[in-house]
Chemist: 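This is the structure, below, for whatever I ask next.
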Amino acid sequence: MRLPSINYLATALAITFAFPAVSADISADQAKSKFESLLPFKIKQVSEAPVPGFYQLESEKGIFYASRDGEYIFSGSLHQFSDGLLNLTALRQRDLANDQMKAIQDELIVFPAKDEKYRVTVFTDPTCGYCRKLHSEIEGYNALGITIAYAAFPRGGINSDMDRLLKDVWCSKDQNQALTDSKNDIAIARGSCETPVDEMYSIGESLGINGTPAIILPNGEMVPGYRPPQQLLKTLENAG
């Protein structure tokens, strides 16, 4: 199940600047300040985009591209045809994922394969139907040598019922059992502790995740949605 897309921002801003005057380029710092004042989230970094005439904006909600004059902004995947339709946005997201996932590695709830060949991180929400389907097949993944390490991504956002449930899971003495129970509508004890759930949600958003499950491969590539065990194995075998 997916959350509402934020691609509407491109349309909204295009309408705002429908008849722009010719403008001089603005600096990266000016672009950061301008778009942070227009958008409902923070811009973490502004750099030169792979395509001339644009900045690349890395934000709490993923990667955006803005014209250097500050008049237009859009989201989506940027492809380079000269390299066989290379997805430059996905490559950058992969680098960001590898860097950011390091911060939460010790906080993941892990269902290990006995003979591990691959380890994937799955952003999950116990109330998500396909998250439940994936988890119901955990033995199938493990049997193929795939370790599943779960990160929290409450689809309703921070302070939602989903967020509260995930925090109860992470506060449980037996996190693995609590996560399994939560995905089977079995009540778990309310918890009170410091959890990494908010941080995980923030990282997920910055990686462009807007639905669950979202699978992060060992190389940092994101695979959105549910994948059956055999299909995920093939994806892992073909991943660079």
Side-chain angles (χ1 to χ4, degrees), residues 1-2 77 84 86-87 89-155 162 165-166 169-186 188 195-197 199-240:
M1 183 178 295
R2 300 181 64 80
S77 295
L86 183 66
N87 190 331
T89 306
L91 288 178
R92 181 54 184 156
Q93 290 283 27
R94 179 186 301 181
D95 291 339
L96 291 173
N98 284 331
D99 290 340
Q100 296 185 46
M101 293 303 295
K102 294 176 183 177
I104 58 174
Q105 282 305 305
D106 294 339
E107 305 289 348
L108 303 175
I109 298 178
V110 181
F111 289 78
K114 182 177 180 180
D115 298 310
E116 182 179 304
K117 297 177 182 177
Y118 303 101
R119 176 186 168 113
V120 300
T121 301
V122 179
F123 282 82
T124 193
D125 181 323
T127 67
C128 155
Y130 278 107
C131 295
R132 293 184 175 200
K133 183 171 178 58
L134 187 154
H135 193 68
S136 72
E137 299 175 358
I138 200 76
E139 293 181 359
Y141 296 103
N142 289 167
L144 294 174
I146 304 172
T147 289
I148 303 292
Y150 283 114
F153 192 84
R155 294 172 300 144
M162 303 164 193
L165 178 58
L166 281 162
V169 168
W170 255 263
C171 282
S172 299
K173 292 182 179 179
D174 187 339
Q175 295 177 330
N176 292 59
Q177 187 60 54
L179 186 58
T180 299
D181 287 346
S182 69
K183 292 186 177 186
N184 288 289
D185 291 326
I186 298 173
I188 60 175
T195 77
V197 171
E199 181 182 9
M200 290 176 175
Y201 179 75
S202 177
I203 289 174
E205 281 203 310
S206 70
L207 296 177
I209 294 173
N210 58 12
T212 54
I215 303 170
I216 308 295
L217 304 184
N219 64 3
E221 180 181 351
M222 183 178 71
V223 178
Y226 161 78
R227 295 293 186 278
Q230 286 289 349
Q231 186 178 341
L232 181 56
L233 178 62
K234 290 181 180 179
T235 299
L236 289 163
E237 290 173 341
N238 294 329

Chemist: Do I148 and V120 come close enough that some side-chain heavy atom pair is under 4.5 Å?
Modeler: yes

Chemist: Heavy-atom count around D95 CG within 6.0 Å, excluding the residue itself: above 12?
Modeler: yes

Chemist: Taking the side chain as every heavy atom from C-beta outward, state whether V122 and T212 have any atom pair closer than 4.5 Å.
Modeler: no

Chemist: At their closest point, which heavy atom of E107 faces which heavy atom of P196, and how far apart are they?
Modeler: CB-CG, 3.6 Å

Chemist: Between atom CZ of R155 and atom CG of N210, what is the distance when rounded to the nearest 0.5 Å?
Modeler: 12.0 Å

Chemist: If every non-hydrogen atom of P228 is compared with every non-hydrogen atom of E137, which pair is closest and at what distance?
Modeler: CA-OE1, 4.2 Å

Chemist: Could you check if a side-chain atom of F153 sits within less than 4.5 angstrom of a side-chain atom of M162, using non-hydrogen atoms only?
Modeler: no

Chemist: Taking the side chain as everything from C-beta on, heavy atoms only, tell me whether I188 gets closer than 4.5 Å to Q177.
Modeler: no

Chemist: Measuring from atom CZ of R227 to atom CG of L236, what distance do you get when rounded to the nearest 0.5 angstrom?
Modeler: 11.0 Å

Chemist: Which heavy atom in P213 sits nearest to a heavy atom in C131, and how many Å separate them?
Modeler: N-SG, 3.5 Å

Chemist: I203 and side chain to side chain contact (heavy atoms under 4.5 Å, CB included): which partner among I209, I216, I104, D99?
Modeler: I104

Chemist: Can you find a pair of side-chain heavy atoms, one from L217 and one from Y118, that are under 4.5 Å apart?
Modeler: no

Chemist: If every non-hydrogen atom of A113 is compared with every non-hydrogen atom of G145, which pair is closest and at what distance?
Modeler: CB-C, 3.6 Å

Chemist: Quick check: does any side chain N or O of N176 sit under 3.5 Å from a backbone N or O of I109, one acting as donor and the other as acceptor?
Modeler: no

Chemist: How long is the span from the OH atom in Y130 to the OG1 atom in T124, to the nearest 0.5 Å?
Modeler: 14.5 Å

Chemist: Identify the heavy atoms of L108 and A151 that sit nearest to each other, and give their distance.
Modeler: CD2-CB, 3.7 Å

Chemist: Does the ring of Y150 carry K183 above it, NZ/CZ under 6.0 angstrom from centre and within 45° of its axis?
Modeler: yes

Chemist: Tell me the closest heavy-atom pair linking T180 and H135, and the distance in Å.
Modeler: OG1-NE2, 2.8 Å

Chemist: For a 4.5 angstrom cut-off between non-hydrogen side-chain atoms, does F111 reach L179?
Modeler: yes

Chemist: Checking the side chain of N142 only, and the main-chain atoms of I146 only, is there a donor and an acceptor separated by less than 3.5 Å?
Modeler: yes

Chemist: When rounded to the nearest 0.5 angstrom, what distance separates CG in L91 from OG in S77?
Modeler: 10.5 Å

Chemist: Rounded to the nearest 0.5 Å, how far does CZ of R132 lie from OH of Y226?
Modeler: 15.5 Å

Chemist: Do the side chain of S202 and the main chain of E199 share a donor and acceptor less than 3.5 angstrom apart?
Modeler: no

Chemist: Could you go through T127 and D125, starting from their C-alpha distance and side-chain angles, then the distance that decides it, and tell me whether this counts as side chain to side chain donor-acceptor pair (under 3.5 Å)?
Modeler: CA-CA 5 Å; T127 67; D125 181 323; 2.7 Å; yes

Chemist: Just how far is it from atom OG1 of T235 to atom CD of E221, taken to the nearest 0.5 Å?
Modeler: 8.0 Å

Chemist: Should the heavy atoms of other residues, nucleotides or ligands under 6.0 Å from CD of E139 be counted, would the total exceed 12?
Modeler: no

